[in-house]
Amino acid sequence: MKHSEKTFQILDALDREEISTQRQLADNSGISLGQVNYILKSLLDKGFVKISNFRHSQHKIGYVYFLTPKGIEEKSKLAVKFVLRKLKEYEFLRGRLTERLIKIEKEGYKRILFIGPIMVREFIEDIIEEKGIGLVLASHCEDTVSAGSLEKDTFDIALLFDEKSNAEKRVRRDLEIPEAQVMNLL
């Protein structure tokens with residue numbers, strides 16, 4: 001994760017919650033306590049965040065971190081950069097996936113077994129429909145374990161979205177299909 005993404009997460013956590021300790025900030029932002037300390041010092045120095053005393057007690061002084069107007073502006077700028085970067089990644093991945101689906105079609109395959117998350121399956125369906133690719137998602141399984149129970153004559157090729165190194169081997173073995181009929185999209 002880039003430094004600017006971590007900065008955004010800290011600014012966002014401070015904007016969403018009343019936070020009085022760096023540990024709370026680490027928990028709410030998903031960033032390690034050491035990194036929170038480092039980034040928070042920078043944000044305080046730049047005037048994006050202030051610390052305010054919110055309770056007076058004989059035994060304990062309580063503080064709360066809050067965003068300054070300058071911090072809110074910085075959070076907005078980082079949010080725009082983050083969204084633009086993610087859209088660029090999305091378009092790149094969409095292009096690569098489109099190329100792969102067209103290649104699969106040209107190789108003569110028609111019916112796809114997709115093994116992976118529903119969100120990616122929907123992404124594939126959208127590309128097939130939008131680009132007019134002559135493929136059909138014949139079956140879908142969320143993991144390689146459940147794919148083993150499928151009949152191999154219901155699809156021509158198995159597409160995987162699985163980062164495990166042995167996923168392709170497991171599908172080939174469980175479904176008893178040749179290597180050419182399995183493709184990992186990752």
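Using a cut-off of 4.0 Å between Lys/Arg side-chain N and Asp/Glu carboxylate O, K86 and E89 are scored as salt-bridged. For the pair E73 and K77, the salt-bridge criterion is met [side-chain N within less than 4.0 Å of a carboxylate O]. With respect to the salt-bridge test (charged N to carboxylate O, under 4.0 angstrom), the residues E130 and R94 qualify. Under a 4.0 Å N-O distance rule, the pair R121/E125 qualifies as a salt bridge.
Each of L11, V80, L14 was compared with K75 under the side-chain contact (heavy atoms from CB on, under 4.5 Å) criterion, and only L11 meets it. In summary, of the residues considered (T21, I10, I51), a side-chain contact (heavy atoms from CB on, under 4.5 Å) with Y65 occurs for I51 alone.
Judged by distance alone, the side chain of N184 and the main-chain N or O of D162 form a donor-acceptor pair under 3.5 Å. At least one donor-acceptor pair under 3.5 Å links the side chain of R100 to the backbone N or O of L185. Side-chain atoms of K46 never come within 3.5 Å of backbone atoms of K70 as a donor-acceptor pair (strictly under, hydrogens ignored). Side chain of S42 to backbone of Y38: no donor-acceptor contact under 3.5 angstrom is found.
In this structure, I31 CD1 and E5 CD are separated by 9.5 Å, a value rounded to the nearest 0.5 Å. Expressed to the nearest 0.5 Å, how far CG of L150 lies from CG of L113 amounts to 5.5 Å. Residue L40 holds its CG atom at 10.5 Å from OG1 of T7, rounded to the nearest 0.5 Å. Rounding to the nearest 0.5 Å gives a distance of 6.0 Å between CG of L160 and CD of E168. Residue E17 holds its CD atom at 9.5 Å from CG of D12, rounded to the nearest 0.5 Å. L78 contributes atom CG, which lies 7.5 Å from atom CZ of F8 (distance to the nearest 0.5 angstrom).
By the criterion of side-chain heavy atoms lying less than 4.5 angstrom apart, applied directly or through intervening Ile, Leu, Val, Met, Phe, Trp or Tyr residues, L97 is grouped together with L159 in one hydrophobic cluster. One hydrophobic cluster, built from ILVMFWY side chains closer than 4.5 Å, holds both I102 and I128. Tracing side-chain contacts under 4.5 Å through hydrophobic residues (I, L, V, M, F, W, Y), one never reaches L93 starting from M183; they form parts of separate clusters. V182 and I157 sit in two unconnected hydrophobic clusters of ILVMFWY residues. Membership requires side-chain heavy atoms under 4.5 Å apart, directly or through other members. Note on L33: it does not cluster hydrophobically with V64, by side-chain heavy-atom contacts below 4.5 Å among ILVMFWY residues.
Considering all non-hydrogen atoms of both residues, I177 and A158 come closest at CD1-CB, 4.3 Å. When all heavy atoms of L135 and Y109 are compared, the pair lying nearest together is CD2-O, 3.1 Å. Closest heavy-atom contact between R111 and A138: CB-CB, 3.9 Å. Nearest heavy atoms, S20 versus Q24: N-OE1, 2.6 Å. In plain terms, the two heavy atoms of R85 and S4 that are nearest each other are NH2-OG, 4.2 Å.
Contact of the L67 side chain with the V49 side chain is registered, since non-hydrogen atoms from C-beta on lie closer than 4.5 Å. With contacts defined as side-chain heavy-atom distances shorter than 4.5 Å, the pair I124/F161 does not qualify. The closest side-chain heavy-atom distance from K88 to F92 is not below 4.5 Å. Annotation: side chain of Q35 is not in contact with side chain of S29 (no heavy-atom distance under 4.5 Å). Side-chain contact between I104 and D156 is absent, with no heavy-atom pair separated by less than 4.5 Å.
The environment of NZ in K103 is sparse: at most 12 heavy-atom neighbours from other residues, nucleotides or ligands sit within 6.0 Å. Annotation for R23: atom CZ does not count as buried by contact number, only 12 or fewer foreign heavy atoms lying within 6.0 Å.
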(request) Give the C-alpha distance, both sets of side-chain angles, the deciding distance and a yes or no for ring-ring contact (aromatic ring centres under 6.0 Å, His included) between F114 and F123. (result) CA-CA 11 Å; F114 177 68; F123 192 44; over 10 Å; no

